[in-house]
Structure formats: C-alpha cells, structure tokens
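Both ligands and their constituent atoms are indexed starting at 1 by order of listing.
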Amino acid sequence: MKITNICCIGAGYVGGPTMAVIAKKNPHIKVTIVDINQTRIDAWNSTDLSKLPIYEPGLADIVKETRNKNLFFSTAIDSAIDGAEMIFISVNTPTKTYGKGKGMAADLKYVELCARNIAEVAKNDKIVVEKSTLPVRTAEAIKSILDNTGSNVKFNVLSNPEFLAEGTAIQDLLKPDRVLIGGESAKAIESLAQIYASWVPENRILRTNVWSSELSKLTANAFLAQRISSINAISELCEKTEANVDEVAKAIGMDSRIGPKFLKSSVGFGGSCFQKDILNLVYIARSYNLQAVADYWEQVIILNNHQKQRFANNIINTLYNTVSGKKIGFLGWAFKKNTNDTRESAAIYVADYLLNEQACIAVYDPKVSHDKIQADLNYLNTRSADENNNLIHASKTPLDALKDAHAVAIMTEWDEFTTYDWKKIYQSMKKPAFIFDGRNILNKTEMENIGFTYTSIGQK
Ligand code: NAD
Ligand code: UDX
C-alpha cells in the first residue's frame, strides 16, 4: 500500500523531529502530529520558531519548510487517526511510579490508551507503528486491544524503534546508521520501508521479526550505557593510580574492535532513555527468572548512580568537608549539550546531594529556565518547593552564576563553556577557587596557571 496520510500520536522529542523529517523527505505524504497537550501543540504551531517546544539544531528550519504544507500539529486526535492509513505511536513510556514493577517496569498506560483510541475511531484498515520504546512482546498486547474492539477493521502492528540521540536528532534522522522495521506482514513492512526509502539507502533498512525489533532497541541502549559505565568505572581507578582516563579511552578506542565512540568519561549519563530502558530490561529478565542476566545489566545503573554521588562527595570533601552556606556555580543543567531536555540529568542528582549539605547553587544553562530547574528538583520530593526555591536559582549569565562562588561544577559539555574568559571568572570568585569539571572539557594546565584548583573526572 502506498501511504499518503500519516498520523503520529505524541508530539515530543521523538514524534516532532521524526515526523518533520518524514514530511520533508515525502512531500506527497500528509503528516499530522497529534497530542493531548494543548500547550505543546500551540508551541509547535508558534510563528516564532524560537518558541518550538524542543530545541534541536536544524529542527526549526525543517518545521519552517514543511509546517502547514504537509506537516500539521493538532489536538484533533480522532480525526487525524480516522484520516490516516498509518499511525505512529510515539508517546512516553516512563518507568512506573506505582504498583507492580514500581521503579523498574515501563509504564505502558499511555501506549494502551493510544491503542484503545485507535481501535475506537478506526473505520478502515490501518497500519499501527510502535515508535515508542517498548518491552519485548508489547506488540502482542497492542494487537489484542486493537483486534478486540468489535469493529471489522484489520490492523497490522509494526515495530519501528527510534535510535536518534537528542542534540543530534536531525542529523541522526537524515543519515541513520540503520532503520529497523519488525513485523509479521511483509506488505505492511514494505509500506513503511517505502517511506524511509525516500532518503535512506535500501541496505540500511533492516527487516526483522517484531520481537527482535522490540528487543534490539532496549539492547542498543543497554550496550551504549554500559560503555559509559565501563569507562566511568575505570575513571575512579585512574584517580587512584595517576592514569588519565581520557588517555586510556583513546588508547583502547583505537582498537577497531572496541572503537572510539561513547568512551567519554563523565559525571554520569542522563537522559530519558538509558536508565528507563535498562531498568525495564532488568525487570523483563527478572520476570523470566533470569537473575544473573538482570544483575549484570543492573550494575550499569548502580555504577552510574555511584559516579554522580562520587562527584558530589568530591566537591564536599575538597571544600574542606563542608559546603554549608557556600555558593556553588553550576555550568549546565541539560543532560547533554545542544538540547533543552533535562530528564534524568546528572545535574539534578548532584544538586540534590549538595542541597542536602546546605549548599547554595546558582545555575547557568543556555537553554534551561529557572522554572524547569525547580520542577526537576521538586519532582524528587527531597525537600519542600520553598526550600528548593531558596537554595537554588538560575542565573541569566555565566558570570552571575559564578560571581563570589567557592566552586564551579561543570555539569553539561556546552561548547560555549570552553570559550569563556576564565581569568575574569577567577577574579570574580572566592579564593581558593575550585573547578570540578564533570565533562573534562577545560584544559587542566591552563586553569591551574590562572590559579584555579582544578579537578576533573579520571585524573589525579
Ligand atoms: P515526550 O514525553 O517528549 O513526548 C511524548 C508525548 O506524548 C507528550 O507530549 C505527551 O503529551 C503525549 N501523549 C501521551 N499520551 C498521549 C495520548 N494518549 N494521546 C496523545 N498524546 C499523548 O517523549 P519522547 O522523548 O518523545 O519519547 C517518546 C518515546 O520514544 C518513548 O518511548 C521513548 O523511550 C522513545 N525514545 C525517546 C528518545 C529520546 O531521545 N527522547 C529516543 C528514542 C526513543
Ligand atoms: C540515547 C541513545 O544514544 C539513542 O540512540 C536513543 O535513541 C536514545 O537514548 P540520548 O539519551 O538522547 O540518546 O543521548 P546520548 O548521546 O546517548 O547521551 C546520553 C547520556 O550519556 C548523556 O548524559 C551524555 O552526556 C552521556 N554520555 C554519552 C557520556 O557520558 N559519555 C559518552 O561517551 C556518551
């Protein structure tokens, strides 16, 4: 079937950029992205492109090119489902916060709601595509809901997980390493493959069974996160032995079997995917009674938590065992550079540890607002919103955040942090002035020559 009308449910970090690129590369297809969140849809429709709800390099240009031509953002979910031949489910699948599997399993309630919505509205045959990251065998549940609504509509369910990374989403979508399509019906698979074939070379479009596709997504994220925890584990050993973790990473990364990517030691990985998907993998393994498998992957998360805690402890220990009443300037709050997303950012947890020790924190992040920072901390429920509001605030400029600070903590690797006038910053800070570089982006010798006491990850 040649697709001419697509609906995507979920206008988030995946739905927005993914559909924008599909629309750009398939001008003959009408693409409607729908969401229950009116504010988000209004932001996507904003004439001021700097107000789009998601910051991604290159995204605004594509939205400008396609919006209201063949790309539409709307809250009219039912009519978009009705008109579409293919429906992508791209809603959030967070870790459950209640009931069975609390803190581990993926919460599939939003996905189930979408399936029920599609089943109720559909009047003709539809291809339903799982774009959200889902536990292996979810397609079975979706198919069961779709098929048991009493209508005579035929549904084909495909798994088409998304591998984009935030901050590079548009490039990842324009030049994907691979596109993965899992399904039972060869015809349905080819309908989706055709859409991608508008710009993705045929040999990069993989077809598998549904379960392999679902499990490949969780596995890819687990392997990527595992590399970071592996190098972060070595970083602690480096700090004891005077080895340098960046030198070790370079040396091992030149082995073509290991490869150089994803070996940057840091304050710990964040983002909405790695922790959630590994916890889900661990939960699935436990549910099949595969304890050794579950324990193996859980260690990736345990090490990541240890790395964040260790970074905060190091700040406290170095500042003469107390940060009470001391100003700590945070550079960066987003979980990585080039995004305004803060979900599971290491900065949140490091701030929380330091606030427990009564530190005062000033944050500068080029893309994150004061309200977002407060919301992230309030979500942890460690202290009252008023207390958070008193102890931590966002600064408009880096100099404001660092003026009279006892220490700088670099939490995100934004490029602009390396271009600052660090001499001027040094002069404005309390002495001795400390830098804790959680991303290893500054030059140790240069900082020490200015007068800073400089600590990075994985270097003595
Ligand atoms: P998000 O929270 O940014 O967006 C999800 C959107 O779905 C929200 O705007 C929400 O309002 C909407 N929604 C929820 N239930 C709905 C319903 N019943 N009807 C209509 N709209 C509904 O999430 P995201 O980051 O885009 O992630 C979506 C999925 O993609 C998740 O499963 C995630 O694991 C996966 N994924 C995310 C990334 C990433 O980098 N963010 C990458 C690959 C895969
Ligand atoms: C990840 C996967 O990369 C992507 O394929 C998937 O679709 C969604 O999850 P994302 O979380 O957006 O993407 O960003 P990613 O670049 O993977 O970074 C995740 C975290 O790991 C960030 O906090 C980043 O700073 C950290 N990281 C990454 C490191 O600490 N070291 C590295 O070498 C790489």
Next item on the list: Describe, in one word, how the ring planes of W414 and Y55 are oriented to each other, choosing from parallel (under 30°), tilted (30 to 60°) and perpendicular (over 60°).
Entry: tilted

Notebook entry, point to check: Which protein residues have a heavy atom under 4.0 Å from ligand 2?
Noted result: E162, F163, L164, A165, E166, K217, N221, L224, I228, F262, L263, K264, S266, F269, G270, C273, F274, F335, K336, R439

Note to self: Is the ring pair F330/W333 parallel, tilted or perpendicular, if the boundaries are 30 and 60 degrees?
What the structure shows: tilted

Next item on the list: Keeping to residues at least two apart or across chains, list the ring-ring contact (aromatic ring centres under 6.0 Å, His included) pairs with something in residues 83-132.
Entry: none

Note to self: Applying salt bridge (Lys or Arg N to Asp or Glu O under 4.0 Å), can you list everything that pairs with D125, at least two apart in sequence or on another chain?
What the structure shows: none

Find all protein N or O atoms under 3.5 angstrom from an N or O atom of ligand 1 and list the pairs with distances, or write 'none'.
| unit_1 | atom_1 | unit_2 | atom_2 | d |
| --- | --- | --- | --- | --- |
| ligand 1 | 3 (O) | Y13 | N | 3.2 |
| ligand 1 | 3 (O) | R40 | NH1 | 3.3 |
| ligand 1 | 3 (O) | R40 | NH2 | 3.4 |
| ligand 1 | 4 (O) | R40 | NH1 | 3.3 |
| ligand 1 | 9 (O) | D35 | OD1 | 3.4 |
| ligand 1 | 9 (O) | D35 | OD2 | 2.6 |
| ligand 1 | 9 (O) | R40 | NH1 | 2.7 |
| ligand 1 | 11 (O) | D35 | OD1 | 2.6 |
| ligand 1 | 21 (N) | I36 | N | 3.4 |
| ligand 1 | 25 (O) | R343 | NH1 | 3.4 |
| ligand 1 | 25 (O) | R343 | NH2 | 2.9 |
| ligand 1 | 26 (O) | Y13 | N | 3.0 |
| ligand 1 | 26 (O) | V14 | N | 2.9 |
| ligand 1 | 32 (O) | T93 | OG1 | 2.6 |
| ligand 1 | 32 (O) | T133 | N | 2.9 |
| ligand 1 | 34 (O) | T133 | OG1 | 3.4 |
| ligand 1 | 34 (O) | K276 | NZ | 2.5 |
| ligand 1 | 40 (O) | E166 | OE2 | 3.2 |
| ligand 1 | 41 (N) | E166 | OE2 | 2.8 |

Check: With a 6.0 Å cut-off on ring centres, are F72 and W44 close enough?
Finding: no

Notebook entry, point to check: Taking all atoms of both residues into account, what is the closest heavy-atom pair of I435 and M447, and its distance?
Noted result: CD1-SD, 3.7 Å

Notebook entry, point to check: Would a 4.5 Å heavy-atom cut-off, applied to side chains only, mark Y353 and I315 as touching?
Noted result: no

Check: Is there side-chain contact between F73 and N68, with at least one heavy-atom pair below 4.5 Å?
Finding: no

Note to self: Could you measure the distance from the CD1 atom of I181 to the CD atom of E130? Nearest 0.5 Å is fine.
What the structure shows: 13.0 Å

